[in-house]
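Worksheet: the structure to be examined is printed underneath.
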There are 2 protein chains.
Amino acid sequence: MVDVSFSRSPTPQDDDPATADWEAWFDGQNHPAGRDLRQAIEMLFFAYRDFTSDPDQVLATVGYGRAHHRVLHFVGRNPDITVQDLLKILNITKQSLARVLGAMVRDGYVAQTPGARDRRLRHLSLTESGQALEAACSDPQQERVARAFHRAGPEAVEGYRRVLSELLDRESRDTILAQIRK
Amino acid sequence: MVDVSFSRSPTPQDDDPATADWEAWFDGQNHPAGRDLRQAIEMLFFAYRDFTSDPDQVLATVGYGRAHHRVLHFVGRNPDITVQDLLKILNITKQSLARVLGAMVRDGYVAQTPGARDRRLRHLSLTESGQALEAACSDPQQERVARAFHRAGPEAVEGYRRVLSELLDRESRDTILAQIRK
DNA sequence: GAAACTAAGTCAACATGGTTGACGTATCTT
DNA sequence: AAGATACGTCAACCATGTTGACTTAGTTTC
């Protein structure tokens, strides 16, 4: 029932250097791919779970959740971002955002300033306390990642980057990578 | 406000081969670590998001969500697992599980059989149609990962594994890794 | 200058998937 | 017989997503 044909018939744009070794490894499996892919999938699941638990704890102290954290993160990362652009990054609806963003503005973590050129736009940025909250959230997370990078070594970090960027949706990969590297 | 002191004062058990290069790279940053760590964090966020979108689509066709997928996955992976053990893996409450598991048993995707030795236990396993549904969900996801591995190359895959396993919570890492590698 | 479009906010209703707390029942252990 | 354990269930609640409809303000276009 499991279709593993993709492994045997790479599409043209799959061609890449450093493929031969992997093909050999791949073909050496008796359950071709299935087992190792499953492990890779589970690893991502568990790593992401633990990884998101850090900010959750901090945010709980101010009555916020993950949604608030994402706003905090991406507004901090993209000062003066507009609501539209934030929605595109978060990939949620305006109404969903309104709930969390409204609270954060009321609570004084996020500031809104109308655009100079186009006064319909609201440019979002973190206030002082917003920046402090963001730092409190991302500190343990960054520490976790720094520690993992340290222990895994630089080649492993490079591999992590490569694999994760290849996991992105093809249509949006370039946009996402540009956003990340900004 | 951001405390990056962890980067300067590695704890004793951080010692590891292949550390020097990374230290150099790390110290070479003017915003030490912050920028690259942030990129690594965002990459994980986006990759996970795209990665979970595959099964979501399949499950939507039978009126299921992500929670059902996780059950499907871990029951498929651990045949005859007990409810208790499944709860430990999923890290959710019995009541949360009951909602999705109940539906899946009713719909004939999961079978429950009382334990032979201890008849209080319910051993869970996928029925034929459960296995089919699981395959339908994991196929596109496995294809995505296989493709990413293929394009990133074997060394990158190894790095991906190392970094992700280091990202796990320290207390539970060994347990999780044992579960994954089972 | 009127019409049309756009950015943002808002109200309402609903789905999913988590939580806590309390309780029941069958079964095993001591 | 008493107590612990495995499982199930009811009820209430919360966070975060959805769709659809509508308003207001500002910009663009004809």
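Values reported hereafter were calculated over all heavy atoms of this structure, with side chains retained and with hydrogens, waters and symmetry mates removed. To find a chain, count down the sequence lines: A is the first, B the second, and so on, and within it residues start at 1.
Of all nucleotides listed (C:dG17, D:dA6, D:dT18), C:dG17 comes nearest to the side chain of B:R99. Out of D:dT19, C:dG18, D:dC7, the shortest distance to the side chain of A:T93 is found at D:dT19. Residue B:A98 has its side chain nearest to D:dT9 when only D:dT19, D:dT9, C:dG9 are considered. Comparing atom distances between the B:A67 side chain and each of C:dG18, C:dT10, D:dG8 picks out C:dG18 as nearest. Of the candidate nucleotides D:dG8, C:dG17, C:dA7, D:dG8 has the atom lying nearest to any side-chain atom of B:V83. Out of D:dT16, D:dC7, C:dT10, the shortest distance to the side chain of A:K94 is found at C:dT10.
Remark: C1' of C:dG9 and CZ of A:R119 are 18 Å apart, rounded to the nearest angstrom. If you take CD of A:Q112 and C1' of D:dA25, they are 14 Å apart, rounded to a whole angstrom. Between B:H69 atom NE2 and C:dT16 atom P there is a gap of 17 Å when expressed in whole angstrom units. Here D:dG17 presents its P atom at 19 Å from CG of B:L59, a figure rounded to the nearest Å. Nucleotide C:dG17 holds its P atom 12 Å from the CG atom of B:L97, rounded to whole Å. Atom CD1 of A:I81 and atom C1' of C:dA8 are 15 Å apart (whole Å). Atom CZ of B:R49 is separated from atom P of D:dG17 by 12 Å (rounded to the nearest Å). Between the P atom of D:dT16 and the CG atom of A:D56 lies a distance of 9 Å, rounded to the nearest Å.
In this model, the phosphate group of C:dA8 is approached by a side-chain N or O of A:Q84 to a distance below 4.0 Å at OP1 or OP2. Here B:S96 reaches the OP1 or OP2 of C:dT19: one of its side-chain N or O atoms lies under 4.0 Å away. Residue B:H68 places at least one side-chain N or O closer than 4.0 Å to OP1 or OP2 of C:dG17. Put simply, A:Q95 has no side-chain N or O that comes within less than 4.0 Å of OP1 or OP2 on C:dA8. For B:R122 and C:dT25, the shortest distance from a side-chain N or O to OP1 or OP2 is not below 4.0 Å.
Between B:D85 and A:Y64, it is B:D85 whose nearest contact on DNA chain D lies nearer the 5' terminus. Residue whose closest nucleotide on DNA chain D sits further toward the 5' end, between A:R66 and A:R120: A:R66.
For the pair A:T113/A:S125, no side-chain contact is recorded, criterion being any heavy-atom separation below 4.5 Å from C-beta on.
Checked by atom type, the side-chain pair A:E42/B:H73 shows a donor-acceptor distance below 3.5 Å.
The environment of CD in A:Q57 is sparse: at most 12 heavy-atom neighbours from other residues, nucleotides or ligands sit within 6.0 Å. When the shell of 6.0 Å around CD of B:E128 is examined, it contains 12 or fewer heavy atoms from other residues, nucleotides or ligands.
Ring to ring, B:F46 and A:F74 are close: their centroids are under 6.0 angstrom apart.
Evaluated for a side chain to side chain donor-acceptor pair (under 3.5 Å) with A:D54, the options A:Q141, A:H69, A:R144 yield exactly one hit, A:R144.
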